[in-house]
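Each chain gets a letter, A, B and so on, in the order the sequences are listed, and its residues count up from 1. Note that the coordinates shown come from a computational prediction; the quantities given were computed from them, not determined experimentally.
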Amino acid sequence: MEEEERRNEAHEKKKEEKAFKQRIWSWGAGTDGQLSTGTLQDHILPQLLHHPSLSSAAISSLACGGAHVIALTSAGKVLTWGRGNSGQLGQGELTNHVLYPKPVTSLDSFFITHVSAGWSHSGFVSDNGCLFTCGDGSFGQLGHGDYISHCSPLKVSYFVNRLVAQIACGMRHSLVLLKDSSMNQVYGFGFGKRGQLGISKEKLKSVNIPEVLSGFEDKEIVEIAANGDHSAAVSVDGHLYTWGRGFKGCSDAHSPQLLNSSLSFTKATLGWNHALALTGEGEGFMVGGNHLGVLTDPKNLNPAKQPSENLRETNMEKVPGLDGIKISDIAAGAEHSALVTENREIKTWGWGEHGQLGLGDTSDQMSPHTVSLGCELNETESIRIFCGSGFTFALTMHSNPSQH
Amino acid sequence: MSYDDVEIEDMEWNEELQAYTYPCPCGDLFQITKEDLKLGEEIARCPSCSLYITVIYNAEDFLADQNSKQNHQPPKQQQAVTVA
């Protein structure tokens, strides 16, 4: 009898695993437990994660910040782990390191559809368009009208009668995209010295209440991105806008600048000195950096100031070494980059000191190199890739067109 | 090679570390103490990796502390005297 029960249990468990059948790997800097491997160690090769909290819920997306991670489940629940000393984990207490995924229970009554992780703050958007933020607020990046940090997600009252679609958290600033408005779609708050808020031509230090960006009046923005002191937006017709800290010697831009290109972009992701953009044709392009940011190319460290318009175009380079293979996903860490090809291969390049490239060493790479996950991927599996400052996560799931 | 130039006003004072800090791309923090600044040090290092930044600051701002202890008037007060 007992044996039968046990067998049933095992059967149930197997069924459960089959139902989700997703796998998550992490690698790179682990100094704050952000890899969810249960240690504070770096890993130079992908680690397949086994923690029950990850296998018992269907993870639909991840957001990786300075040293913390937010996982979103398909049931609208949120798990966080890693560094929590500014309250960025939203678990109601300040903690140095959380080694394993832990639920953000204060959001349990909401169905969360979108999350973002900044350097030390976090943002959550619910299906009914509410925005919640927590973590470091010392630059106004939480948008609550003050400079206070919070260790539990707090609703941003400024947007209480609006429908928020997305939040993008950078190093010390945040961008918000609304879904109910064609006139005032994108807002910025937090640190603004490098122009990353896009709200003023004047040099301003910081803003603690959301302010609307100008320049998108007759455009429909579908995606926003923020990292370091950079900001970006992609419009429905494939235009890419960047603002904030200038790339590779360009001057800072205090309002959204259209990238002069005939390409049609679908996604943009930002590092601390570079941007990666994906076209509808599955081609990847890099703005700024020099294949891996400024780290290994000294001649880019002290570039002469040049007119930004010229550089903005010439700065863009196609991601090399792919021989026409299409790209299905891209991600940028502070100083590294990752992509997934249509053949379900993960490739990484850039800064490798903490093993964030997952190539088994700590070398830098100038062009994309294939990461071995240590197992074959099923044809029905799709992979997505996510980068934190100095670490990387890969998430596989069964291809399902309805789930993005 | 310095990763970046950062103004002291953009760094944060960290009570626990007793140092001015700035985010490092590895996930840790570049750090420099007040003592370092008084000595004219301008390199803030990250304890977890090989990167460092150059801190832009006015050395007098940090010497002022020390000087006032030695009954030496900091520049601001001197200015007040001349105005009066």
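For the pair A/S116 (side chain) and A/G123 (backbone), a donor-acceptor distance under 3.5 Å is absent.
Of the atoms belonging to A/F391, not a single heavy atom falls under 4.5 Å from chain B. When heavy atoms are compared at a cutoff of 4.5 Å, A/S120 does not approach chain B at all. Both the backbone and the side chain of B/D10 have a heavy atom closer than 4.5 Å to some heavy atom of chain A. A/D136 touches chain B through its side chain: at least one heavy atom from C-beta onward sits under 4.5 Å away, while N, CA, C and O do not.
Contact tally against chain B (heavy-atom pairs below 4.5 Å) for A/Q356, A/K205, A/Q34: the top residue is A/K205.
Taking the centre and axis of the six-membered ring of A/W119, the NZ or CZ atom of A/R83 falls inside the cone set by 45° and 6.0 Å.
For the side chain to side chain contact (heavy atoms under 4.5 Å, CB included) with A/F139, the qualifying choice from A/H173, A/R172, A/H121 is A/R172, the only one to do so.
Nearest heavy-atom pair, A/G38 versus A/Y100, reported as atom, atom and distance to 0.1 Å: CA-OH, 3.3 Å. Contact between B/A44 and B/I32 at its shortest, heavy atoms only, is CB-CB, 3.9 Å.
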